[in-house]
Amino acid sequence: MKKPIISLDSITFRYPNSVHDVLKQVSFSIHEGEWVAIVGHNGSGKSTLAKLINGLYFPENGEIHIAGIKLDNSTVWDTRKHIGMVFQNPDNQFVGTTVQDDVAFGLENHGVPYEDMVKRVIGALKQVKMDDFLNQEPHHLSGGQKQRVAIASVLALRPDIIILDEATSMLDPHGREEIISLVRQLKEVQGLTVLSITHDLEEAAKADRIIVMNDGEVFQTGTPDEIFKLGDELVKLGLDLPFPIKMANTFKEQGVPLQGQYLTEEELVIELWTSHFKK
Amino acid sequence: MMEKMIFGRYIPADSIAHRLDPRAKLLFVFIFIGIIFLANNGWAYGAAAAFTVLSIWLSGVTIRFLIKGLKPVMIIIAITFVLQIFFAREGDIIVDLGFVTIYEEGVRQAIFISTRFLLLVFMTSLLTLTTTPISITDGLESLLNPLKKIKFPAHELALMMSIALRFIPTLMDETDKVMKAQMARGSDMSSGPLKDRLKAVVPLMIPLFVNAFKRAEDLAIAMEVRGYRGGEGRTKYRLLKWHGRDTLALLSLVGLTVLLVLLRG
Ligand SMILES: Nc1ncnc2c1ncn2[C@@H]1O[C@H](COP(=O)(O)OP(=O)(O)OP(=O)(O)O)[C@@H](O)[C@H]1O
Ligand SMILES: [Mg+2]
């Protein structure tokens, strides 16, 4: 197994103005090059987790290590360099007045010299196929295009880890698909580690591993196969099962003899049309 | 009417004035505002007017376009002109109708003051017409930079301005959306007595403000995550470049100053 790039050790946290602990004894590790999905009901503490990993808040108890560095007040700007974050609302993370200014914003903050900056801005925009929109203003872009720019802004800073906090939830299904396949492709090429917080279980089904959060605690960790075996338990946590799994369950109820788990529609369809011959 | 108003608007084009460095243009306008007060007779005003016409010509904007676009300002100028004529009480009487008397000095002053006002409005409009708001911001930041020594927050001011500029269209869209949503629920903001209309605006403002604060919070987090920690140690992506033409533009103002001093009586 590769070494962990993010590790949380019994993290407990509450917001200054909240009564209950928002995170309770949360521990997990994420390894280099992994794609991990975090799922959980509204208010289960997913975004809070992301904020803690980024050092926007510090835990009350427990330790966080990013790329081997212990996260605290003095190291937060170093650990942050390893992490890029894309948020839910495409508009509220667009800082620059134009596409290229927005990508340059992070580079300016890090004091990157001008010549280098120009190359990195263009390079990052090419990677997300937005290099034709250099001088476009944000209100002339679609939500999906803005999220691409947000990803470019992150890529320009050359992080090792990308955290997507419901980055696709405000997009239409097509835009959603595009962003996810873009990140997947970038991950393969650059060996990024991806932590994707999502309500879309079909997206989570494609992850290497899923962490299920419930009420500030880690409910279960495992491969998509293992997690979706939980079936009704997930539904009780307020999660929706992916369509192929729901479909397969309905088939089973109707007496169609299906074995195993079908995480994608394709797997299900193949099983359905070949099952006839197996008899 | 709002669409035609050009005060503060940028018109994309590729004139000499468009290509000037924003710092040069800012300095140019500030200096022009200062030296126009040197003019105190017809010749001096004529020279200043000729200079302004030349500047307008170099910016590729037509005077007709300016006058049409600045209609509301023109009306204000016309009103001050009339008031000036009727209220000045110096010099020879030229018209005496009993209930009004118009003095020579009044007419002279009215012409001078309106001309001065007109030239100032034209010149400042040229600045905004030929310079994008973000360039003006960059120019201001650069000009104010020396004041950092006395703790003047030049970088913060410029950042605030650029973020405000970036969010104006977003907030406009949002206003439009909320307004339609309230109208769909029977709110009427465009008719009825003023009091009722003001009341109808409240449910428009509240969601707007709540959302704006939410946006501000999100934006602050997004900025911090991308390494923003104040102006210290930052590099700049938008570089300003001073050319010979910028120096030339400022030199032309020196010429105008000398001319005005010579012409004034
Ligand atoms: N800034 C804050 N101050 C106080 N409490 C907060 C703050 N942000 C979140 N909370 C609370 O912390 C809990 C966890 O919130 P969090 O945003 O992490 O949930 P989440 O899993 O991301 O939910 P969602 O799926 O809706 O995004 C919630 O009960 C929420 O009300
Ligand atoms: Mg959240």
Side-chain angles (χ1 to χ4, degrees), chain A residues 47 50-51 53-57 76-118 120-121 134-135 137-141 146 150 153-154 156-157 159 162-163 165, chain B residues 10 12 14 22 131-141 155-156 158-177 208 210-241:
Chain A
S47 298
K51 284 180 195 160
I53 292 173
N54 226 305
L56 292 164
Y57 293 100
V76 60
W77 293 102
D78 296 323
T79 58
R80 236 171 235 173
K81 282 189 188 144
H82 291 278
I83 306 172
M85 233 172 137
V86 182
F87 298 92
Q88 178 174 26
N89 190 319
D91 256 316
N92 298 0
Q93 53 189 316
F94 206 111
V95 186
T97 39
T98 66
V99 167
Q100 55 175 335
D101 285 310
D102 190 56
V103 178
F105 178 76
L107 298 170
E108 292 179 315
N109 292 336
H110 287 88
V112 176
Y114 179 76
E115 282 75 26
D116 207 12
M117 193 145 53
V118 174
R120 281 164 78 167
V121 167
L134 281 184
N135 288 312
E137 290 169 13
H139 60 281
H140 291 140
L141 297 176
K146 275 181 247 189
S153 308
V154 160
L157 295 170
I162 291 191
I163 301 180
D165 189 353
Chain B
Y10 171 70
D14 193 30
T131 324
T132 56
I134 190 68
S135 298
I136 294 184
T137 309
D138 290 337
L140 267 180
E141 177 177 10
H155 160 73
E156 285 76 5
L159 185 72
M160 258 160 57
M161 276 174 67
S162 80
I163 288 176
L165 288 172
R166 179 250 166 278
F167 274 95
I168 286 171
T170 309
L171 294 178
M172 296 273 251
D173 279 356
E174 192 160 86
T175 313
D176 197 52
K177 252 188 239 157
L208 274 181
V210 171
N211 274 340
F213 278 113
K214 169 76 183 131
R215 282 183 197 284
E217 195 185 326
D218 282 0
L219 192 73
I221 289 178
M223 284 168 66
E224 190 174 342
V225 163
R226 274 153 74 185
Y228 181 74
R229 49 200 300 198
E232 210 60 43
R234 274 189 112 227
T235 42
K236 290 228 59 153
Y237 184 63
R238 312 176 141 272
L239 289 185
L240 297 175
K241 217 162 161 224

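Letters A, B, ... are given to chains in the order of the sequence lines, protein chains preceding strands, and every chain is numbered from 1.
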Out of B:Met223, B:Lys214, B:Glu217, B:Glu224, which one racks up the most heavy-atom pairs below 4.5 Å with chain A?
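Of the candidates given, the most pairs with chain A belong to B:Glu224.
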Measure the CZ-CZ distance between B:Arg229 and B:Arg234 for me, rounded to the nearest 0.5 Å.
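So the gap between those two atoms works out to 12.5 Å.
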B:Lys177 bridged to B:Asp173 by N-O distance under 4.0 Å
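Answer for the salt bridge query: no.
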Region of [X] in contact with chain B, defined by heavy-atom distances below 4.5 Å:
X        : answer
A:Phe105 : both
A:Val86  : neither
A:Asn54  : side chain
A:Gln93  : both
A:Lys81  : neither
A:Asp116 : neither

Give the intermediate values and the outcome of side-chain contact (heavy atoms from CB on, under 4.5 Å) for residues A:Asp101 and B:Arg166.
CA-CA 11 Å; A:Asp101 285 310; B:Arg166 179 250 166 278; over 6 Å; no
Can you say whether B:Leu219 sits under 4.5 Å from chain A via the side chain, the backbone, both, or neither, judging by heavy atoms?
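Both backbone and side chain.
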Is it the case that A:Asp165 and A:Gln88 place a side-chain donor and acceptor less than 3.5 Å from each other?
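Looking only at side-chain atoms, A:Gln88 and A:Asp165 do not form any donor-acceptor pair under 3.5 Å.
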Minimum heavy-atom distance between B:Arg226 and A:Val103, given as atom pair plus value
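Heavy atoms of B:Arg226 and A:Val103 come nearest at NH2-N, 4.4 Å.
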